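This structure is a prediction, so every number in the text was calculated from the model and none was measured. Numbers here are sequence positions counted from 1.
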Amino acid sequence: MQEFSAPTLRIHGDNIIECERALRVIARALSLEISFVASPIYFPRYALGENSKTRFDVELLAGHARWNVNLQNVLRAHGAPLREATDAVITNYSADGTETLLFALEFSSALPAGNNAWQRHGRALTCATIGAPFLYFAEVGGMELGTARVFKAPRFPNPIIPFSYLTADELFQTICVPVYVASPTLRAEMRAEFSPALGQDSGLALIRSLLTELPFDNIHSELKTRALRMTELLARRRKRTDTWRANEWSEFLACDTYDARKQWLEMHSKDWQKKSGAKVRTSQTFQELRNLFSRIGCLTIGGGDIPLCWIPADKRPQLANEIGVLYNKMPRAWGRWIGARNEPLFVVWVTGFKPDGEDSRPDRGLLPLLRMLMGYDAEVLTIVSGPARPAMWARSRREPQRLAEQNGLWEAILGLSNAVLADSVTLSEPIWLKLPDLSQPAPKKISFAAATSPTLFSEQDVDTALHLLFGQGGTETVFEGLCNPPGGDWSGLSLL
């Protein structure tokens, strides 16, 4: 009788902690026990099994861009719009020296504070675009702390956040779902309220099906139902009526074409009145530009307090004329595109930079959020207003594509927009960019030459070595804490 050879899974993670987190999730999904296998300390291996029989061998590869295979480049080569790799990418390792992508996992325990809520949308869009199954495990009901470090109030994301995963799932005909789990600080009464939307068991069942090639349509549908329920619960909790209500969410989700979504928006959008943040300085012309959009009749996309809006097609000529008056050097070709009346214009407002000019990393998720809602057929104008450093503006004019290759924020702006207008207090004059039209690639199986060893050793290996040396010693000997810098209301510290 031929001896059974357990299949080998590989977990490519941001770091060793994310690798092990994914390992534990997989073990729970399969109801298997984890056993450490003697292996190089930089390349740890485990066995998943039951009754002394190994069902899966698992290898952990910490750090996406430091092995002889760069996963970000692999995904880009298959049509991904961004160089984004998730917390964990699970592959099947074959004896012929190839790896095949099975699914990707993202984890978040952070409070959904403002733009942090859409920070991970670039990773979701990257996977959805190329048809890679994506599960986003996120906590709900986390508490904000007051100055005395006591519970102040729960923080919840805008309902458009869970909803955008559903629209992406439908648009790209793939698995792109949030899996909500209860935060440890979720109060009992809220736990009962949100119970119909919590989907950890379903998420584990979906992972089990993906790993064992079992049918998953029913589980997938259940997770989408729970995500829609989360959307409706979040909308119901909002004091302001600036989001869609009741069955409007499911109505929009049922629009299965871009044209149907446009028509639905025309009937259900409200005036957009998003205010600019007070912390970041803006130019006088930018302030007038915001007023111009409000005056013409900018409309919401599911929420009035997010920096996304749209202009009906018949108002685009007026918009082009008034922008031309405000900025007397607007390029003709750029103005002709803005003034075209055949399609609505979707607008993404990107601050992009902190007061001292550093990138605002969460803002890179805004354009992915819009594309997850509307797809690649939408015509998108991105308006950038933050105080970037002059050297960055110079690079955006001189070598924009090279800048995009080195900067994730500019990669999202230049890779997911149809046109860009930059108006900042650190700019002597605005920047006008008209970009090539976008297209959606056809999903295909993602296989690549297997990773073999790190191309260089780094702090990733130091972290892995320390984690394994202390972690394998038993929890009664060593407790490994986790502190999320830089401190403040949004951070946590694990204590024993």
Side-chain angles (χ1 to χ4, degrees), residues 21-22 25-26 28-29 86-87 103-112 117-118 120-121 123-125 127-128 132-142 154-211 214-238 243-256 302-303 369 372-373:
R21 190 171 184 177
V25 166
I26 290 172
R28 287 189 60 191
T86 62
D87 285 338
F103 57 90
L105 301 176
E106 186 73 14
F107 306 105
S108 176
S109 299
L111 293 186
W118 51 72
R120 291 169 171 82
H121 275 64
R123 299 178 179 191
L125 179 68
C127 292
F134 177 88
L135 288 84
Y136 175 38
F137 284 80
E139 290 185 0
V140 65
R155 292 295 297 258
F156 297 104
N158 187 293
I160 204 72
I161 300 303
F163 186 71
S164 61
Y165 289 91
L166 294 175
T167 51
D169 189 288
E170 293 290 334
L171 271 171
F172 301 108
Q173 292 295 291
T174 187
I175 295 175
C176 183
V177 288
V179 182
Y180 283 99
V181 299
S183 167
T185 59
L186 185 65
R187 301 293 177 85
E189 65 276 10
M190 289 185 184
R191 189 179 294 268
E193 177 186 354
F194 283 95
S195 177
L198 302 179
Q200 181 167 263
D201 290 342
S202 299
L204 296 175
L206 180 55
I207 289 174
R208 181 168 60 251
S209 295
L210 291 170
L211 288 171
L214 293 173
F216 54 76
D217 286 349
N218 290 342
I219 306 169
H220 184 200
S221 295
E222 181 183 340
L223 276 171
K224 291 193 290 184
T225 299
R226 289 181 180 275
L228 183 59
R229 182 63 175 155
M230 176 64 73
T231 302
E232 294 167 346
L233 286 169
L234 294 175
R236 186 184 304 162
R237 290 185 65 87
R238 293 177 70 84
T243 63
W244 297 327
R245 295 290 168 176
N247 61 342
E248 290 180 327
W249 297 99
S250 55
E251 286 179 4
F252 183 76
L253 187 60
C255 298
D256 57 358
L369 170 59
M372 286 169 67
L373 290 166

Closest heavy-atom pair and its distance - [X], [Y]:
X	Y	answer
Gly302	Trp249	O-CH2, 3.8 Å
Leu105	Val25	CD1-CG1, 4.5 Å
Ala235	Thr243	CB-OG1, 3.9 Å

Value rounded to 0.5 Å, distance of [atom1] in [X] from [atom2] in [Y]:
X	Y	atom1	atom2	result
Leu223	Asn218	CG	CG	11.5 Å
Leu369	Arg120	CG	CZ	14.5 Å
Thr185	Glu139	OG1	CD	7.5 Å

Q: Report the C-alpha distance between Phe163 and Leu373 in whole Å, list the side-chain angles of each, state the deciding distance to 0.1 Å, and finish with yes or no for side chain to side chain contact (heavy atoms under 4.5 Å, CB included).
A: CA-CA 8 Å; Phe163 186 71; Leu373 290 166; 4.2 Å; yes
Do the non-hydrogen side-chain atoms of [X] and [Y] ever get within less than 4.5 Å of each other?
X	Y	value
Tyr165	Val179	no
Leu211	Phe103	yes
Tyr180	Phe194	no
Arg187	Glu193	no
Leu234	Met230	yes

List the atom pairs, donor and acceptor, that lie under 3.5 Å between side-chain atoms in residues 197-210 and the rest of the protein, sequence neighbours left out.
| residue | atom | partner | partner atom | Å |
| --- | --- | --- | --- | --- |
| Ser202 | OG | Glu222 | OE2 | 2.7 |
| Arg208 | NH1 | Ala29 | O | 2.7 |
| Ser209 | OG | Ala205 | O | 3.2 |

**Q.** Exceeds 12 heavy-atom contacts within 6.0 angstrom, atom CZ of Arg28
**A.** no
(Q) Over 60° means perpendicular and under 30° means parallel, so tell me whether Phe107 and Phe137 are parallel, tilted or perpendicular. (A)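 Tilted, since the angle between the ring planes falls between 30° and 60°.
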Between [X] (side chain) and [Y] (backbone), is there a donor-acceptor pair under 3.5 Å?
X	Y	answer
Thr167	Met372	yes
Glu248	Arg245	yes
Arg226	Pro196	yes

Q: Would you mind telling me which of Ser250, Pro159, Pro178 makes a side chain to side chain contact (heavy atoms under 4.5 Å, CB included) with Thr231?
A: Pro159
Q. Are Phe172 and Phe134 near enough that their ring centres are under 6.0 Å apart?
A. no
Q | Residues Asp169 and Lys224 bridged, charged N to O under 4.0 Å | A |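 Salt bridge flag = yes for Lys224 with Asp169.
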